[in-house]
Amino acid sequence: MDPVTLLTVVVLAVFVGFEVVSKVTSKLHTPLMSGANAIHGIILVGAIIVAGQATDPWLLAVALLAVVLATANLVGGFVVTDRMLEMFGGRKRARPRTDAREDGT
């Protein structure tokens, strides 16, 4: 494929992705993000494979950028999922405070 066609596909994918994500309600966004972590893992593996086989310096730079962005997306998804799961956990009990000193005085 020529570079213009590839750039057109990327631009259209960005616009479609933005429209799809912006239409999702905030209640569903976090569960969908956590479910997409597997897909981001596959994207990360693909970016690593492309970076390992790149011979052109320009292609290597783009592949390494893809690895960095996919890693940030994957880690961010797990962080958000962890925060979401903490919301559903029970409340932690506060330890009772004692005024007595440890030395018994």
Under 3.5 Å, which donor-acceptor pairs link side chains of residues 3-18 to any protein atom two or more places apart or in another chain?
| unit_1 | atom_1 | unit_2 | atom_2 | d |
| --- | --- | --- | --- | --- |
| T5 | OG1 | D2 | OD1 | 2.3 |
| T8 | OG1 | V4 | O | 2.7 |

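Pairs engaging residues 53-64 under the salt bridge (Lys or Arg N to Asp or Glu O under 4.0 Å) rule: none recorded [sequence neighbours left out].
Legend: residues meeting side-chain hydrogen bond (donor to acceptor under 3.5 Å, both in side chains) with Q53, ordered by chain and number and at least two apart, are absent.
The minimum heavy-atom distance between A63 and V50, with the atom names listed, is CB-CG1, 3.9 Å.
The line from CD1 of I48 to CG of L64 is 10.0 Å long, rounded to the nearest 0.5 Å.
Grouping the Ile, Leu, Val, Met, Phe, Trp and Tyr side chains by contacts below 4.5 angstrom, directly or via other members, places L44 with F78.
Just one residue in the list V68, L74, V67 forms a side-chain contact (heavy atoms from CB on, under 4.5 Å) with T71, and that residue is V67.
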